[in-house]
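Keep in mind it's a predicted model, so treat the numbers as computed, not measured. Residue numbers start from 1 in every chain, and the chains themselves are labelled A, B, ... in the order their sequence lines are given, proteins ahead of strands.
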2 protein chains.
Amino acid sequence: MPSKTFNIALDTQAFDQMTAKQKQIISAAIDLFSEKGYANTSTKEIAAKAAVAEGNIFSTFHNKRGLLEAIINPVLRSIFPTTAQLSTVTQPAPYKSLRDYMYDFCTERLAFLKANRQVIKIFVAEIIYNDKLRQRLIKDFPASNRYWLQMADNLDQLKAQKLLVNWDNIKILKTIWSVMGGSVLGYLFFDQPIKTATLEQNIDTATRLLAYR
Amino acid sequence: MPSKTFNIALDTQAFDQMTAKQKQIISAAIDLFSEKGYANTSTKEIAAKAAVAEGNIFSTFHNKRGLLEAIINPVLRSIFPTTAQLSTVTQPAPYKSLRDYMYDFCTERLAFLKANRQVIKIFVAEIIYNDKLRQRLIKDFPASNRYWLQMADNLDQLKAQKLLVNWDNIKILKTIWSVMGGSVLGYLFFDQPIKTATLEQNIDTATRLLAYR
DNA sequence: ATATTTTGAGTGAGCACTCAATCAATTTCC
DNA sequence: GGAAATTGATTGAGTGCTCACTCAAAATAT
């Protein structure tokens, strides 16, 4: 089995400290959960795919839900990336045009999506019926982490430059994701690759909707 | 328990022929599946909520999946409504403006969504991990049912009137739903009511994106 | 030799599903 | 009209199975 890379956040700390067998378990669980769903996957299956005894899952992750959380928590913490991941988008750059910014923002977030497709799929599916997880996401959404502040800075700057419409930042974010949403869902759940042309179209659309007026 | 109304399609034929107990089962299953998910709901629970013996579920619906399909199939058949449901939107009317059309279209589909919220939630959740269901949806999407043909007619007419951008109809539909998507998902899974103001904004946005140019 | 990790048969609980028995409505016969 | 017979719906204890999870023993590392 090829080793799985984890782009998600800095839980690589935790991940690096795991034994090989524990990594195998996480890896197998990600494959199975994302393919068949959490509820439809048994711990026996996971152990078999990970080439590990079933008991190993429980000595490491306490119970099945603990395994799920070990997979999901990193996503929750890095949907909005942490300091170490800051890309060009979030660094204060005087963008020449709104489209430039949109392009950077969308490609960066899409790279994150592609790098963590399986885990995000598990996360999204789980959020449908998991109230606590949903509450946490809603609560954390406008959290004052550095990423969000940085992004708000950029948006405010673009507004000052009269490149961006003068809406509040949440509404702007919602608009962007509304435009991207179809492609993202298609990619996550319908295995539709996001073509460059489609991405460009989405970026154009978002730019048009958010242009200064 | 107040009797549940089923706005979905004409499976009311089938539904009307059911005995009271069978209707109770469907109703209880819809409540439980939409709240906790199919996989997390036991037939014993359903029977208890329906005030019916567990065996009744199996004599009527053969197995648990049969019960799910009895709930889901009508949605699949009426995501695009059938003849009897045709509202103003789908009737050939010379719309004075693109916004008029958008308004009618969006409010009609939103009414459908509201009237069938639970069942659509079950359907959407199920489609994530059910390949066969997904295939059927993709296959049926541009099906030549009367609704779709009628809608295509309307769109073509709007194009001829130079009110609507000259894209192909699928792309137009995708654009509309992309704009509405955020509100729809929020309503389905986050219990966020769709405010009139938000709806109006969405309609404005869609109109702007699809205006003739 | 000791400590730690790994193992997998074993466990009770809960699952979807069965089926012989019971009940209720309708039909048959006198 | 009413008793008896027939039919079909309804019941829920019972069944086999799979599930998440345990733990004493075995393997491995120190």
Side-chain angles (χ1 to χ4, degrees), chain A residues 1 3 14-73 122 125-126 129-130 132-133, chain B residues 1 3-4 13-73 122 125-126 129-130 132-133:
Chain A
M1 193 189 306
S3 85
F15 188 75
D16 284 345
Q17 284 169 5
M18 288 181 186
T19 67
K21 303 222 166 188
Q22 288 166 347
K23 289 180 191 175
Q24 286 162 30
I25 293 170
I26 290 270
S27 183
I30 288 175
D31 284 345
L32 290 168
F33 288 166
S34 71
E35 193 189 320
K36 325 190 332 165
Y38 171 77
N40 305 316
T41 303
S42 70
T43 48
K44 194 178 180 181
E45 272 179 292
I46 297 167
K49 179 147 196 168
V52 144
E54 205 180 344
N56 217 310
I57 294 174
F58 296 96
S59 55
T60 307
F61 301 101
H62 191 55
N63 53 30
K64 193 186 171 188
R65 186 142 291 270
L67 173 56
L68 180 69
E69 278 167 14
I71 291 170
I72 269 185
N73 278 336
I122 297 169
E126 186 62 15
Y129 293 117
N130 190 327
K132 286 185 182 170
L133 201 59
Chain B
M1 192 189 307
S3 84
K4 199 164 279 237
Q13 304 155 343
F15 189 74
D16 284 344
Q17 284 170 3
M18 288 180 186
T19 68
K21 304 223 164 187
Q22 288 165 348
K23 289 179 191 176
Q24 287 164 29
I25 293 170
I26 290 270
S27 183
I30 288 175
D31 284 345
L32 290 167
F33 287 167
S34 71
E35 194 189 318
K36 325 188 334 165
Y38 170 77
N40 306 317
T41 304
S42 71
T43 49
K44 194 178 181 180
E45 271 179 293
I46 296 167
K49 178 148 196 167
V52 143
E54 205 180 345
N56 217 311
I57 294 174
F58 295 96
S59 54
T60 306
F61 301 101
H62 190 55
N63 53 32
K64 193 186 171 189
R65 187 142 288 271
L67 173 56
L68 179 69
E69 279 169 13
I71 291 170
I72 270 185
N73 278 336
I122 297 169
E126 185 61 21
Y129 293 117
N130 189 326
K132 286 185 183 171
L133 201 58

Euclidean distance, atom CG of residue B/Asn40 to atom P of D/dA20 [Å, nearest integer]: 12 Å
A/Ile122 versus A/Leu68: any side-chain heavy-atom pair under 4.5 Å? yes
Atom CG of B/Leu67 and atom P of C/dC17: how far apart are they, to the nearest Å? 10 Å
Whole Å only: how far is the CG atom of A/Leu68 from the P atom of D/dC21? 12 Å
Between A/Lys44 and C/dG8, is there a contact of a side-chain N or O with OP1 or OP2 at under 4.0 Å? no
Expressed as a whole number of angstroms, how long is the span from B/Lys64:NZ to C/dG14:C1'? 12 Å
B/Ser59 side chain: which of D/dT10, D/dC21, C/dT6 is closest? D/dT10
B/Asn56 side-chain N/O to D/dA9 phosphate OP1/OP2 under 4.0 Å: no
Hey, what do you get for NZ (A/Lys64) to CD (A/Glu69), rounding to the nearest 0.5 Å? 13.0 Å
Residue A/Phe58, side-chain heavy atoms: nucleotide from D/dT10, D/dT22, C/dT7 that is nearest: D/dT22
Taking CD1 from B/Ile57 and P from D/dA13, how many angstroms apart are they, rounded to a whole number? 15 Å
Measure CZ/B/Phe33 against C1'/C/dA16 and give the value in whole Å, please. 12 Å
Within this structure, what is the CD1-CG distance for the pair B/Ile57 and B/Leu67, rounded to the nearest 0.5 Å? 6.5 Å
C/dT7 phosphate, OP1 or OP2, under 4.0 Å from A/Lys21 side-chain N/O: yes
Just how far, in rounded Å, is P of D/dC21 from CD of A/Glu54? 10 Å
Name the nucleic acid region contacted by A/Thr41, choosing base, sugar-phosphate or nothing; use a 4.0 angstrom heavy-atom cut-off, strictly under. sugar-phosphate
Could you note down all residue pairs passing ring pair (Phe, Tyr, Trp, His ring centres under 6.0 Å) where residues 38-60 of chain A supplies at least one of them, sequence neighbours left out? A/Phe33-A/Tyr38
Can you check the A/Leu32 CG to D/dA20 P distance for me, whole Å? 12 Å
Respond yes when some side-chain nitrogen or oxygen of A/Ser42 is under 4.0 Å from OP1 or OP2 of D/dT18, and no when none is. no
Looking at C/dT6, D/dC21, C/dA16, which one has an atom nearest to any side-chain atom of A/Asn63? D/dC21
Quick one: are A/Glu126 and A/Ile71 in side-chain contact, heavy atoms under 4.5 Å? no
